[in-house]
J.: 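Below is a structure I'd like to ask you about.
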Amino acid sequence: MASADWTPWRPLRLAEDVPASTLAEQLDGGQTFRWSREADGTWVGVFGRTLAALRPGPLGLEWRGPKGATETESALRHYLDADGSQARLSEALPWRSDPVLCSARAAFPGLRILRQDPHEALIGFLCSSNKRILQIRVMVAALAEKLGLPLSDGFHALPTWAALAKADDAVLRACSLGYRAAYLRGTAQKLLARPRWAEEFAGMATKDLLDELQSLPGVGPKVAACVALFGFGRLESFPVDTWVVQALAEAYGLRGWKPAQLEQFGKAHFGEAAGLAQQYLFSAARQGALRPAAVTLPSALARPKSRR
DNA sequence: GTCCAGGTAGGAG
DNA sequence: CTCCTACATGGA
């Protein structure tokens, strides 16, 4: 990457340091699909219209950005929860009485939910159904390159809904979206008529937010939960995907439970930051680091007879 | 060739 | 409401 026009590296001074392995999981573990690791271990990515680079340093995480982009540092600090509000939530999770969560949490110290743009989260997870994380990254990168606003050094922002709504079928097809192209197009057409959608959605109670998201084509319960969690900072949202199903079945003995039941369990067992707990379990399961010992559950959390 | 992937939509029972 | 399946595409 050409780097002549970048600022020098500076420490980001997070309230809590992020080890290199946790940083990698945060940036390349399925929360966002917009970061990539350079050969020297530096991470480069785009969020919103911000292009930035991160790397672990002797004094903690270091950052740099294009010269002249004055808000890179503050954008990064917000994105990475620099003031540590999630540290308290993580501490308050029931890890003391839950050995599975305890080990998953210990495997990824400092892991946080990235505070993404609603737009970024929605586009990313509209592409996510029935796809591996690596393939989602390819799709989202292609969308940005072909339809997004150019930034410096050949990087691009994600496309606007207007750009997606009017994009040629051939262009979308060239992004390897498959049937998800119709999801993006349909959602773009609906949101195009509602330019303040993100602000409107942000003002809603989480339940209403989830309903509103699910009214969009290509958005079901799981994608809505991810957008609420990653894009709207609803830490209580508990997305249930294949990895979480597996983790809860194997480590918590919840075999045969349906996704809606598992979601109910997750919210009841993990509480106000269930989404953060979910991310620990997701990461641990995906890396094969999930402790297989079954958890003894309080009887109050017995399997519900009906969903929701 | 077969199977699977941070699921969803549409239809049948 | 609860199952069941088709869906595009690419990698193992």
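These figures come from a predicted structure and were not determined experimentally. Letters A, B, ... mirror the listed sequences (proteins, then strands); counts begin at 1.
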J.: Please measure how far the C1' atom in B/dC3 lies from the corresponding atom in C/dA8, and state the result in whole Å.
T.: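 One C1' to the other, the span is 15 Å.
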
J.: Only distances under 3.5 Å count here; give the side-chain donor-acceptor pairs of residues 166-176 of chain A to other protein atoms, sequence neighbours excluded, each with its distance to 0.1 Å.
T.:
from: A/D169; atom 1: OD1; to: A/R185; atom 2: NH2; distance (Å): 2.4

J.: Would you kindly give the CD-to-C1' distance between A/Q261 and C/dC1, to the nearest whole Å?
T.: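 After rounding, the reported distance stands at 13 Å.
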
J.: Tell me: CZ of A/R185 to C1' of C/dA8, nearest whole Å?
T.: 15 Å

J.: Going by atom types only, do A/H78 and A/D83 share a side-chain donor-acceptor pair under 3.5 Å?
T.: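 No - no donor-acceptor pair under 3.5 Å links their side chains.
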
J.: How about A/R49: does its CZ atom have over 12 heavy atoms from other parts shown lying under 6.0 Å from it?
T.: no

J.: Dump every N/O contact between nucleotides 9-13 of chain B and the protein below 3.5 Å, one line per pair.
T.:
from: B/dA9; atom 1: OP1; to: A/G218; atom 2: N; distance (Å): 2.8

J.: Report yes if the distance between the aromatic ring centroids of A/F125 and A/F230 is under 6.0 Å, otherwise no.
T.: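 Here the rings of A/F230 and A/F125 have centres that are less than 6.0 Å from each other.
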
J.: Can you sort out the partners of A/H119 under ring pair (Phe, Tyr, Trp, His ring centres under 6.0 Å), two or more places apart, ordered by chain and number?
T.: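 For A/H119 the ring pair (Phe, Tyr, Trp, His ring centres under 6.0 Å) partners, ignoring immediate neighbours, are A/W161.
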
J.: Using side-chain hydrogen bond (donor to acceptor under 3.5 Å, both in side chains) as the criterion, list what pairs up with A/E236, not counting sequence neighbours.
T.: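 Listed in chain order: A/T206.
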
J.: Output the rounded distance in Å from CZ (A/R173) to C1' (C/dG10).
T.: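 From A/R173 CZ to C/dG10 C1': 17 Å.
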
J.: Dump every N/O contact between nucleotides 4-6 of chain B and the protein below 3.5 Å, one line per pair.
T.:
from: B/dA5; atom 1: O4'; to: A/R132; atom 2: NE; distance (Å): 3.4
from: B/dA5; atom 1: O3'; to: A/K131; atom 2: O; distance (Å): 3.1
from: B/dA5; atom 1: O3'; to: A/R132; atom 2: N; distance (Å): 3.3
from: B/dA5; atom 1: N7; to: A/N130; atom 2: OD1; distance (Å): 3.3
from: B/dA5; atom 1: N3; to: A/N130; atom 2: O; distance (Å): 3.2
from: B/dG6; atom 1: OP1; to: A/K131; atom 2: O; distance (Å): 3.2
from: B/dG6; atom 1: OP1; to: A/R132; atom 2: N; distance (Å): 3.3
from: B/dG6; atom 1: OP1; to: A/I133; atom 2: N; distance (Å): 2.8
from: B/dG6; atom 1: OP2; to: A/W243; atom 2: NE1; distance (Å): 3.3
from: B/dG6; atom 1: O4'; to: A/D241; atom 2: OD2; distance (Å): 3.1
from: B/dG6; atom 1: N7; to: A/G30; atom 2: O; distance (Å): 2.6
from: B/dG6; atom 1: O6; to: A/G30; atom 2: O; distance (Å): 3.1
from: B/dG6; atom 1: O6; to: A/Q279; atom 2: OE1; distance (Å): 3.3
from: B/dG6; atom 1: O6; to: A/Q279; atom 2: NE2; distance (Å): 3.2
from: B/dG6; atom 1: N1; to: A/Q278; atom 2: OE1; distance (Å): 3.0
from: B/dG6; atom 1: N2; to: A/D241; atom 2: OD1; distance (Å): 3.2
from: B/dG6; atom 1: N2; to: A/Q278; atom 2: OE1; distance (Å): 2.3
from: B/dG6; atom 1: N3; to: A/D241; atom 2: OD2; distance (Å): 3.2

J.: Mind calculating the distance between OH (A/Y179) and C1' (C/dT5) to the nearest angstrom?
T.: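 Interatomic distance, OH of A/Y179 to C1' of C/dT5: 12 Å.
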
J.: Side chain to side chain donor-acceptor pair (under 3.5 Å): which pairs involve residues 271-283 of chain A, sequence neighbours left out?
T.: A/E25-A/S283, A/S90-A/Y280, A/R112-A/Y280

J.: So that I can tick it off, tell me whether A/K258 and A/E263 are bridged by a salt bridge, with the cut-off set at under 4.0 angstrom between side-chain N and carboxylate O.
T.: no

J.: Roughly, in whole Å, what's the span from CG in A/L213 to P in B/dT8?
T.: 11 Å

